[in-house]
Amino acid sequence: MNLKDKRIAVLLSGGVDSSVVLYELVRQGLHPDCFYIKIGPEEEEEWDCSSEEDLEMATAVSHKYGCKLEVVDCHQEYWDQVTAYTMEKVKAGLTPNPDVMCNRLIKFGAFDEKRGHDYDLIATGHYAQTERDPSNLPCLGETTDTPPQQGEAEGVWLCTSPDPVKDQTDFLAQIYDWQLKKALFPIGHMMKEEVREIAEREHLVNAKRKDSQGICFLGKINYNDYIRRYLGEQPGDVLELETGKRIGQHKGLWFHTIGQRHGLGFGGGPWFVVKKDMQQNILYVSKGYDPQTAYKQEFLFKDFHSLIPATCKEPLPSDITFKIRHTPEFHHAKLEAKGDGVFLVCSDAPIHGVAPGQFCVLYDEAHHHCLGSGEITL
């Protein structure tokens, strides 16, 4: 792709990754415009120093390369859309992923509506790659350097980063096709160590800054406090799954997720959360450091959101790899269509902490192409 003819918007977060994105584009002789998306906590007085520091860092980096920086307020859109999604799922006893929906609804959604529509490409610091896929390309795992012919239809694949620890395709697996076509990931082919080295060599102000952890908008707000604000507390019994023995009391099933071990606060453990009964408001746990009840080898998912380009006519393959959370590992499995948009995943090995509401992200056997994702239902 010839970037010199493109209008490019760079989303600066204040972190080292997006800063190196800007460096890489400027190094190629480009002069993109920079944007900082303001999300933050619900109340202005709750903004912590880390949010202010983010903007300061983004401002310093944009000025270093002579690019203008504009703050785009997507605060209300976040709380109206992503928070609504999160609370709906949590209240139903599910395990949502707000960061996945933030990419679809905010970074490539609300931002595009407000400012991104004026640009051909939106560049971010995600560790992911894209491949152009003309209609004459082989599909599902095969690649070619052959450019599309004039007038030929072209699709785009979402592809994994060579850095397995940092790969973020799982966070991008719910974006729309048109959003992927506008996405630009200038550091997606790099290892994290390379990005740090560039930042230090170029004396970027945030070269040694730690990566952000947790949900993108919360800052120092505790996740349980965030949920408590909207859903309150609803105490109920905690029972041992195998014996029915009462272990204690929970404050609300929405404060717990399947596979959770830390922060339960019950004596005589360790305990793992293995099941939630929303009807009876009962939390079931199993005892031990690695109980078998914390694992599943087969599970269902629904509402598959496909990222397979329209130019590729092949159906979903039966041999796939997948992730259910942000980890370096890709699990091998067989995929079986059950009808009505439901799929069965038969993993080669038992998987820990499979929870309804999580996204099951599918990849080809070589875990190179991201095929899309669906919501786990068990």
Side-chain angles (χ1 to χ4, degrees), residues 3-4 6-41 47-75 78 99 102-103 106-108 110-112 114-116 118-130 161 163 165-168 171-172 182-220:
L3 296 181
K4 293 189 182 297
K6 304 294 184 181
R7 296 164 299 171
I8 303 175
V10 176
L11 299 186
L12 288 180
S13 66
V16 66
D17 297 327
S18 60
S19 299
V20 172
V21 162
L22 180 57
Y23 161 77
E24 285 292 314
L25 295 176
V26 171
R27 182 180 65 80
Q28 297 175 48
L30 305 171
H31 193 77
D33 292 334
C34 300
F35 296 89
Y36 176 84
I37 297 179
K38 180 181 176 182
I39 299 174
W47 271 64
D48 58 53
C49 59
S50 64
S51 302
E52 296 172 2
E53 189 177 273
D54 288 340
L55 181 53
E56 290 173 2
M57 295 283 185
T59 302
V61 171
S62 62
H63 287 177
K64 178 181 176 69
Y65 294 109
C67 298
K68 68 176 184 179
L69 177 72
E70 180 181 331
V71 177
V72 178
D73 192 341
C74 293
H75 175 90
Y78 193 100
D99 285 339
C102 182
N103 282 314
I106 305 300
K107 291 177 183 175
F108 294 102
F111 170 75
D112 191 81
K114 292 194 170 190
R115 294 293 284 112
D118 293 326
Y119 295 84
D120 300 308
L121 297 169
I122 298 174
T124 71
H126 285 102
Y127 286 81
Q129 302 183 86
T130 56
S161 164
D163 189 329
V165 175
K166 294 301 295 181
D167 175 69
Q168 292 173 307
F171 289 127
L172 294 162
K182 286 190 70 167
L184 183 63
F185 307 123
I187 65 167
H189 63 288
M190 297 182 185
M191 302 292 286
K192 180 69 179 193
E193 293 79 8
E194 296 177 69
V195 172
R196 288 283 184 193
E197 288 170 6
I198 291 171
E200 292 187 20
R201 187 190 71 218
E202 296 302 313
H203 306 292
L204 297 184
V205 65
N206 49 15
K208 295 184 182 297
R209 197 179 188 203
K210 291 183 179 180
D211 291 344
S212 60
Q213 300 291 327
I215 297 173
C216 60
F217 65 95
L218 285 183
K220 294 180 180 177

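In what follows, every heavy atom counts, from backbone to side chain, and hydrogens, waters and symmetry copies are set aside. All residue numbers in this chain count up from 1 along the given sequence.
The distance from the CD atom of Glu197 to the CE atom of Met191 is 11.0 Å, given to the nearest 0.5 Å. Taken from CD1 in Ile8 to CD1 in Ile122, the straight-line distance is 11.5 Å, to the nearest 0.5 Å. Between the NE2 atom in His75 and the CD1 atom in Ile39 there is a gap of 10.0 Å [rounded to 0.5 Å]. Distance check: Ser18 OG to Ile187 CD1 gives 8.0 Å after rounding to the nearest 0.5 Å.
Nearest heavy atoms, Leu22 versus Ser62: CD2-CA, 3.9 Å. What you find for Lys38 and Val71 is that their closest heavy atoms are CB-CG1, 4.0 Å. Smallest separation of non-hydrogen atoms from Asn206 and Gly15: ND2-O, 3.2 Å. Closest approach of Ser19 and Leu204 over heavy atoms only: CB-CD1, 3.9 Å. The two atoms that bring Gly188 and Ser161 nearest to each other are O-OG, 3.3 Å, heavy atoms only.
Under the 4.5 Å side-chain criterion, counting only non-hydrogen atoms from C-beta, Leu12 is not in contact with Val21. Using a 4.5 Å cut-off on side-chain heavy atoms (C-beta onward), Leu172 and Phe185 make contact. Within the 4.5 Å cutoff, no side-chain heavy atoms of Asn103 are placed close to those of Thr124. When side chains are defined from C-beta on, Leu184 counts as touching Leu3, because their heavy atoms get closer than 4.5 Å. You'll find the side chain of Met190 reaches within 4.5 Å of the side chain of Ile198, heavy atoms only. Looking only at side-chain heavy atoms (C-beta outward), Tyr65 and Glu202 come within less than 4.5 Å of each other. A heavy-atom distance below 4.5 Å is found between the side chains of His31 and Cys67.
The side chain to side chain contact (heavy atoms under 4.5 Å, CB included) test with Tyr36 is passed by exactly one of Thr59, Val72, Leu55, Leu11: Leu55. Here the options are Asp17, Asp167, Asp163, the test is salt bridge (Lys or Arg N to Asp or Glu O under 4.0 Å), and the partner is Lys192; only Asp17 passes.
Between Arg209 and Glu53 there is a salt bridge, since at least one side-chain N of the basic residue sits less than 4.0 Å from a carboxylate O of the acidic one. Taking a cutoff of 4.0 Å between a charged side-chain nitrogen and a carboxylate oxygen, Arg196 and Glu193 do not qualify as a salt bridge.
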Inset, instruction - I would like to know whether Phe35 and Lys114 meet side chain to side chain contact (heavy atoms under 4.5 Å, CB included); could you show each step before the answer? - result: CA-CA 11 Å; Phe35 296 89; Lys114 292 194 170 190; over 6 Å; no
Test salt bridge (charged side-chain N to carboxylate O under 4.0 Å, His left out) applied to Asp211 and Lys166, step by step: CA-CA 11 Å; Asp211 291 344; Lys166 294 301 295 181; 3.1 Å; yes
* To do: Before giving the answer on side chain to side chain contact (heavy atoms under 4.5 Å, CB included), spell out for Tyr127 and Val195 the whole-Å C-alpha distance, their side-chain angles and the decisive distance to 0.1 Å.
  => CA-CA 11 Å; Tyr127 286 81; Val195 172; 3.3 Å; yes
Quick one: do Lys107 and Phe171 satisfy side chain to side chain contact (heavy atoms under 4.5 Å, CB included)? Show the steps, please.
CA-CA 12 Å; Lys107 291 177 183 175; Phe171 289 127; over 6 Å; no
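The backbone N or O of Gln28 sits less than 3.5 Å from a side-chain atom of Lys4, completing a donor-acceptor pair.
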